[in-house]
Amino acid sequence: MNLVLVGPPGAGKGTQGEILSKRLGVDTISTGVMLRTAIKEQTEIGKNVEKIINAGNLVPDDVMVELIKERLAKPDCAKGFILDGFPRTTAQAVALTESGVKIDKVLSLEVDDDKIVERLSSRRECRKCGAPYNVISNKPEIEGKCDKCGGDLIQRADDNPETIQNRLNVYHEQTEPIKAYYEKKGILVTAQGEEKLEDTTSNVAKALGLEV
Ligand code: ADP
Ligand code: ZN
């Protein structure tokens with residue numbers, strides 16, 4: 001299955017992506033993780049995107065399309081993949097279609113704006129592997145440490161109040177229109193993101209027609 005996850009920042013795409021990845025046996029490709037890795041390693045792309053991301057704006061479409069095409073060409077994607085964070089504009093969605101990549105389903109994870117701000121402030125992520133956590137709703141076994149790799153859990157530079165509001169605006173203006181694009185293709189499904197992780201997980205399974 002080739003799946004795309006859409007939803008506002010903090011909707012739980014990263015967390016549900018991880019769960020689905022295990023369940024479906026395919027990799028989750030997160031453009032956010034890829035870009036933050038590039039920043040950490042100070043690659044050419046990383047240097048160019050750091051300011052943009054920390055302000056909560058979008059990286060230019062051509063940069064993203066190039067990055068994702070390269071990633072999807074890797075052999076592991078042949079068995080299917082989950083895209084988290086791409087496409088994020090209609091232009092990116094069109095470019096993906098035109099590159100011949102077949103998308104089977106697009107899952108929209110719905111969460112109201114007023115919930116997002118509180119969620120993002122309690123969000124943490126592994127410095128090493130990028131795995132998502134939440135100090136309220138998705139705690140690690142050992143405080144401050146990643147369950148998967150033992151890395152330190154940190155707060156993202158773009159999870160601050162000013163940037164969060166801008167990211168929400170950007171989401172509604174630039175990303176949400178891709179839902180209509182995929183709805184027209186008949187492949188959009190939606191799931192409500194709930195307070196409790198397990199409830200969201202079961203909504204997602206239902207939406208995708210998996211066993212709950
Ligand atoms: P979130 O969904 O929590 O906002 P992500 O980790 O998916 O965060 O992305 C973080 C930032 O990386 C975005 O705010 C944006 O600046 C940049 N980014 C990620 N994916 C894309 C994309 N497809 N197009 C443009 N910018 C992107
Ligand atoms: Zn980790």
Side-chain angles (χ1 to χ4, degrees), residues 4-18 28-40 45-46 48-72 82-96 99 101 106-111 113 115-134 138 140-142 144-178 181 193:
V4 166
L5 303 178
V6 189
K13 300 185 298 293
T15 306
Q16 293 302 321
E18 293 263 334
T28 295
I29 299 167
S30 161
T31 48
V33 171
M34 287 169 81
L35 293 170
R36 283 188 291 281
T37 303
I39 293 173
K40 200 169 62 184
I45 288 185
N48 290 331
V49 303
E50 185 162 15
K51 282 214 182 77
I52 300 176
I53 290 183
N54 290 348
N57 294 319
L58 294 184
V59 173
D61 288 333
D62 55 338
V63 175
M64 294 310 302
V65 168
E66 207 44 53
L67 198 71
I68 212 75
K69 271 193 193 165
E70 243 172 60
R71 180 64 185 88
L72 291 179
I82 300 167
L83 279 180
D84 167 9
F86 188 96
R88 228 180 177 97
T89 63
T90 304
Q92 291 178 14
V94 171
L96 189 63
S99 75
V101 173
V106 176
L107 173 75
S108 168
L109 204 50
E110 314 262 329
V111 176
D113 284 9
K115 291 264 170 14
I116 295 295
V117 181
E118 64 178 72
R119 278 192 186 201
L120 289 182
S121 47
S122 52
R123 170 155 88 174
R124 299 292 181 274
E125 103 179 344
C126 174
R127 186 197 292 278
K128 245 164 116 186
C129 76
Y133 294 88
N134 188 296
N138 184 19
E141 270 161 39
I142 301 164
K145 298 284 174 198
C146 178
D147 293 345
K148 295 205 304 190
C149 78
D152 289 331
L153 302 189
I154 55 163
Q155 190 159 26
R156 278 168 44 174
D158 58 350
D159 279 348
N160 66 74
E162 308 88 81
T163 305
I164 289 169
Q165 193 51 56
N166 187 44
R167 282 157 66 203
L168 275 174
N169 298 342
V170 167
Y171 174 73
H172 291 304
E173 282 160 23
Q174 302 193 55
T175 304
E176 229 173 356
I178 74 172
Y181 176 82

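Just so you know, these numbers come straight off a predicted model, no measurement behind them. All ligand and atom numbering here is 1-based and tracks the order in the structure.
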*Where do Asp159 and Arg167 land on the side-chain contact (heavy atoms from CB on, under 4.5 Å) test, with the steps shown first?*
CA-CA 10 Å; Asp159 279 348; Arg167 282 157 66 203; 3.0 Å; yes

*Distance, nearest 0.5 Å, that separates CE of Met34 from CD of Glu70*: 8.0 Å

*Could you grab the angle centred on the Zn ion (ligand 2), going from SG in Cys129 to SG in Cys126, to 10°?*
110°

*ligand 1 and Gln92, any nitrogen or oxygen pair closer than 3.5 angstrom?*
yes

_Residue and atom name of the nearest protein heavy atom (relative to atom 16 (O) of ligand 1), distance in Å to one decimal_ = Asn57 O, 2.5 Å

*Number the atoms of ligand 1 from 1 as they appear, then name those within less than 4.0 Å of a heavy atom of Arg167, with their elements.*
1 (P), 3 (O), 4 (O)

*Between atom CD of Glu125 and atom CD1 of Ile154, what is the distance when rounded to the nearest 0.5 Å?*
5.5 Å

_Using a strict threshold of under 4.0 Å (side-chain N to carboxylate O), is an ion pair present between Arg124 and Asp152?_
no

*Relative to the heavy atoms of Pro9, which atoms of ligand 1 are at a distance of less than 4.0 Å?*
1 (P), 2 (O), 3 (O), 4 (O)

*Which atoms of ligand 1 have any heavy atom of Gly85 under 4.0 Å away?*
20 (N), 21 (C), 22 (C), 23 (N)

*Inspect the surroundings of CD in Glu162 and state if more than 12 heavy atoms from other residues, nucleotides or ligands are less than 6.0 Å away.*
yes

*May I ask you to check whether Val33 has an N/O atom sitting below 3.5 Å from an N/O atom of ligand 1?*
no

*Which option, Lys13, Arg88, Glu50, Lys51, owns the non-hydrogen atom nearest atom 7 (O) of ligand 1?*
Arg88

*Please lay out, stage by stage, how Gln165 and Asn169 fare under the test side-chain contact (heavy atoms from CB on, under 4.5 Å).*
CA-CA 6 Å; Gln165 193 51 56; Asn169 298 342; 3.3 Å; yes

*Identify the protein heavy atom lying closest to atom 26 (N) of ligand 1, giving its residue, its atom name and the separation to 0.1 Å.*
Val59 N, 3.1 Å

*Is it true that Arg123 lies under 4.0 Å from ligand 1, counting heavy atoms only?*
yes

*Quick one: are Ile164 and Pro9 in side-chain contact, heavy atoms under 4.5 Å?*
no

*asked:* Is there a side-chain contact (heavy atoms from CB on, under 4.5 Å) between Val6 and Val106? Walk through the geometry before answering.
replied: CA-CA 7 Å; Val6 189; Val106 176; 3.5 Å; yes

*asked:* Quick check on Glu66: does its CD atom have over 12 non-hydrogen neighbours (other residues, nucleotides or ligands) under 6.0 Å away?
replied: no

*Heavy-atom nearest option to atom 18 (N) of ligand 1, drawn from Thr31, Leu35, Ile52*: Leu35

*Working for side-chain contact (heavy atoms from CB on, under 4.5 Å), residues Arg36 and Val33*: CA-CA 5 Å; Arg36 283 188 291 281; Val33 171; 4.1 Å; yes

_Whether Gln155 side chain and Ser121 backbone form a donor-acceptor pair below 3.5 Å_ = yes

_Which residue and atom name correspond to the protein heavy atom nearest atom 8 (O) of ligand 1, and how close is it?_
Arg156 NH2, 3.1 Å

*Any N/O of Leu58 closer than 3.5 Å to an N/O of ligand 1?*
no

*Enumerate the atoms of ligand 1 whose separation from the nearest heavy atom of Gly32 is less than 4.0 angstrom.*
5 (P), 6 (O), 9 (O)

_Rounded to the nearest 10°, what angle sits at the Zn ion (ligand 2) between SG of Cys146 and SG of Cys149?_
110°

*asked:* Students should be able to answer this: which protein heavy-atom is nearest to atom 11 (C) of ligand 1, and at what distance?
replied: Ile53 CG2, 4.0 Å

*Closest non-hydrogen protein atom to atom 6 (O) of ligand 1, residue and atom name please, with distance?*
Arg36 NH1, 2.8 Å

